[in-house]
Amino acid sequence: MLDEWSLTILQSDPMKIYRAKRDAAHRAVTSKYTILGFISSGTYGRVYKAQSADSDGIIYAIKKFKPDKEGDVATYTGISQSAIREMALNREISHENIVALKETILEEKSIYMVFEYAEHDFLQVIHHYSQTLRIQIQSQILKSMVYQLLNGLFYLHSAHILHRDLKPANILITASGVVKIGDLGLARIIYQPLQPLFAGDKVVVTIWYRAPELLMGAKHYHKAIDCWAVGCVFAELASLRPIFKGEEAKLDSKKNVPFQRDQLLKIFEVLGTPQERDWPGVTDMPEYQNMKRLDPYQNRLEEWCQSRIRSLQGHDLLRQLFAYDPDKRLTAKEALLHKWFQEDPRPTWNVFHHIAAHQLPPQRRIQDEAPSMMGVPAPTHAQTQPQAQAAHVHGQGQHLTHQSQANLSQQSKSASTTSFASVSAGPGPGQSYAGNQGNTSRKKARVG
Amino acid sequence: MATGFWSSTHYKRWIVDRATLRQARATDMRYVGDPEYFIHLSLFFANVITKLGKKLAFRQRVIATAIVFFRRFYLKNSYCETDPFIVIAACCYVAGKAEESPCHIKNITAEARLLFSQQPYGVKNFSVDNSKLAEMEFYLVADLECDLTVFHPYRTLMSLCRKEGSNESQTEAGEVGVGIDDGPRYWGTGEGQLELPDEALQLAWSIINDTYRSDLCLLYPPHLLAIIALYLTLALHTPTKELIMQKSQLSPSDDSHVSPRRSSRQASASSFGSKKPQDFIGFFAGLNVSMPLIATIAQQMISLYSIWERYKEDVDTSDTARSAFCTQTNSPYSATTQGTGHTLAEGRSASHSRVGTPVVETPDDIRKVDGLSVVTPATLVQTLTRMRENRLSDLARHSTGGRPVVINKMLERAQAAG
């Protein structure tokens, strides 16, 4: 005969013993890592800089997915598709030019992904050159950044993974100058999908980096969308500002995807209006009728490149990454073999190899007084809004706008005391990092 | 499919040996009574997952992934300390997301609750609360160590074979082949594909479904399971074998159906279209896998079919190959099994010799197969309940007495006998 305890368990909470066992064996995140500060936040949650409590004391970036709330109490509502993708894909891949996942910890309704730490990112480098140095990125550095980016992308594509959110903020650089593609939250495997890609995510890629076939309403797309984004990133590195800086038309109340008129115009202004001969099938695209109504433009990419890229081969690479027809667009592999990378200066494995010490981009700025996990106004759908880009993904803390800075400082006043909810003021052990002074002034320059 | 099977977490972390399996089951084995029930439970749970998956309109691959998650979970846990039904629901929930075919948590809770409340399951306490399922998901993903990319034999089968008269390699209906590299196979030397009649391909597909009803998906890489499915279909299933032989002799001599093939397989593919019968032995030899290993796994599969003969459950028979291997007591293929050194009967007695002293079962079903009582889902649900109750009362006893002690085997056996 069963006693009362057993009956209760069997009838009301049959997994109680199992959970107790698992909880007892669990090693808490905070026992394994010391939080050094807060790096950035986005719709998914936030990123912290942390140090391993092991004797090696290695620095990591911990991405904490925010737990769902019911009122004030965190509750289980199911792991998001995006978190599942990022967790699953990162377990399978390993490449020099992809941010490496150390481990994933599931604890107290939150998911913590522990990534290798990267000191810089493309967006930060662009700001450093445009705001602080006020010069163009030297061609050797530019070429190395693009080459390593393509190298990482080639790996992803050979593994049948589409990144679907390449942009400067998602591409990191370590202190030793190695490019690391990050944020696989929108990435997915495209090998024999059970459903068309379009069925899963209606909108992919941040608008400025979105390929024309997506803007034209294509239901099917492939690796070429990532290659287009690489072209946009390449152009942005060369000119220090986004090449196609369009205004995003918002989804309507029925979540229909609108015609992205402004973004297409920005593309046509540089690349000209696409013709049937460069893009067979363009006339059959869902948005073709809308597109026809736009003013016609001539291609002036060559002119655009003259002052910015200053290399015929560089122009040729960009031209081929910007092929309108996705099937003619250069693949990552073809791009790696492009002549531009074979002519001097050659790309280097430390992108900062030839940079003078005083020109190095500063270290990532982290906030030691982190805002509380609770109630930060989430930027709406950061993945598709360039406005929210600054607050998106690994390490954009230094690019926060006035608005979010204000929010953050307000938040920090009511910060709770748990270490992942906030990090107490004042540098703790291991929290002294160089360049704080410089960071502050840099922030002012940038925010202004 | 991400970076290829050999560098995957599936291969590196989740292919285990029999010793690991035994160790993982030690606790359950103390409570299950008849060890053969354990094999039946594997079958039973796979059927439950398949049923729930079908209610959720999942594709076969999603169902297979859910079953693999379930098996992996029970490498670390025991039936008797958990509620397998909530685990099943969570496996389906995660598999939907892992295979990019997500299903809303509300639907899964509702469908699972409805299905499990019916007989023979009779689960009365499945929570209406979505957060209970989400909580289980959370623990499940942690136990799966976030390894959510699973490889399946179906794709190998389809790259090895094609339907008779078709010139495109087969994909599961509805698969969108955008942007896919149709690269060369990374193993084997065979260039050509076997051309099979519909029935044979279907049988092989069903045999693959059946591998998930056992532990084979934990023990062997999926491409080997695809090959044993072909092997069982072509070498051991006489009706299919005869059918193919007959068809290849009657095969018309026109080559029209093989003309536009994209890959380098073209040359060999067109040779299949000619009057020359297909060279099955050459095909298997060209696969560059260990044939003794294939024969061993095939034998395990046959043993399973014979053990399953004792199990009676009304299921949709469309996705299983059981009927092809089980119900023929005067099996027409027994003559052809000589090559493997085992007949069906031998496989059966071998499996029985492992069974220790079978516990006498409460005779709620007196039908017998070969002198053994028939096992039904109801038997298994009862067994499961008894296992969990006994485990709990043992734990309760130990929790009062401090540290857990070694279970008294005598007492346990007495309990198991009722």
Side-chain angles (χ1 to χ4, degrees), chain A residues 1-3 5-7 9-15 17-19 21-22 26 68 70 75-81 84-85 87-94 101 103-107 109 111 155 157-162 188-197 199-200 220-224, chain B residues 1-4 7-10 58-59 61-62 77 81-83 85-87 93-94 97-102 104-105 124-125 130-139 141-143 145-149 155 171-172 174-181 385 388-389 391-393 395-397 399:
Chain A
M1 195 55 218
L2 286 174
D3 59 297
W5 175 78
S6 308
L7 276 175
I9 286 186
L10 274 181
Q11 279 161 16
S12 65
D13 192 359
M15 295 306 279
I17 296 177
Y18 162 77
R19 288 199 313 274
K21 238 182 175 175
R22 285 284 167 264
H26 183 79
D68 287 298
E70 226 164 61
T75 174
Y76 292 105
T77 56
I79 304 172
S80 71
Q81 183 74 34
I84 291 273
R85 279 173 182 153
M87 288 194 284
L89 287 177
N90 273 296
R91 290 285 293 166
E92 305 293 330
I93 59 180
S94 157
L101 176 73
E103 64 172 334
T104 302
I105 299 172
L106 292 98
E107 180 179 313
K109 307 182 181 67
I111 296 168
Y155 172 80
H157 284 182
S158 348
H160 306 284
I161 296 168
L162 286 192
R188 61 164 289 179
I189 292 173
I190 51 155
Y191 194 86
Q192 298 189 350
L194 291 171
Q195 294 183 10
L197 297 183
H220 302 302
Y221 54 85
H222 51 91
K223 295 165 184 171
Chain B
M1 166 60 106
T3 56
S7 60
S8 68
T9 53
H10 186 157
F58 277 171
R59 306 285 298 276
R61 195 169 91 197
V62 186
N77 298 286
E81 285 184 6
T82 57
D83 173 9
F85 289 95
I86 181 95
V87 177
Y93 184 40
V94 181
K97 288 187 272 193
E99 294 289 346
E100 296 280 354
S101 313
H104 198 282
I105 190 166
K124 299 278 187 293
N125 57 345
N130 293 338
S131 70
K132 280 315 246 185
L133 178 56
E135 177 187 60
M136 186 61 237
E137 177 198 33
F138 200 80
Y139 282 85
V141 169
D143 261 357
E145 297 170 44
C146 305
D147 294 332
L148 306 179
T149 307
R155 181 177 298 140
T171 49
E172 204 178 340
E175 281 182 349
V176 181
V178 225
I180 290 175
D181 288 340
T385 310
R388 289 170 63 190
E389 286 175 359
R391 179 60 180 166
L392 270 174
S393 50
L395 286 172
R397 212 167 305 141
S399 63

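It should be emphasised that the depicted structure is a prediction, and the values quoted were computed from it without experimental measurement. Just so we're on the same page: letters track the sequence lines, and every chain starts at 1.
When each of A/Pro14, A/Ser12, A/Ala88 is scored by its heavy-atom pairs under 4.5 Å with chain B, the top score falls to A/Pro14. Ranked by heavy-atom pairs under 4.5 Å with chain A, the first of B/Lys124, B/Met136, B/His10 is B/Met136. Contact count versus chain A (heavy atoms, under 4.5 Å) is highest, among B/Ile86, B/Ile105, B/Leu133, B/Val141, for B/Val141. When the candidates B/Asn130, B/Asp83, B/Leu148, B/Val87 are compared by the number of heavy-atom contacts under 4.5 Å with chain A, B/Asp83 comes out ahead.
Expressed to the nearest 0.5 Å, how far CD of A/Glu92 lies from CE of A/Met87 amounts to 13.0 Å. Note that CD of B/Glu81 and CE of A/Met15 are 10.0 Å apart. Values are rounded to the nearest 0.5 Å.
No hydrogens or angles considered: nothing links the side chains of A/Arg85 and A/Asn90 as a donor-acceptor pair under 3.5 Å.
With a 4.5 angstrom heavy-atom cutoff, A/Glu103 does not touch chain B via any of its atoms. Using a 4.5 Å cut-off between heavy atoms, B/Phe85 makes no contact with chain A at all. Only the side chain of A/Lys21 has a heavy atom closer than 4.5 Å to any heavy atom of chain B.
The minimum heavy-atom distance between B/Asn77 and A/Tyr18, with the atom names listed, is OD1-CE1, 3.1 Å.
B/Lys97 places a side-chain N or O within 3.5 Å of a backbone atom of A/Ile79 that can act as its donor or acceptor partner.
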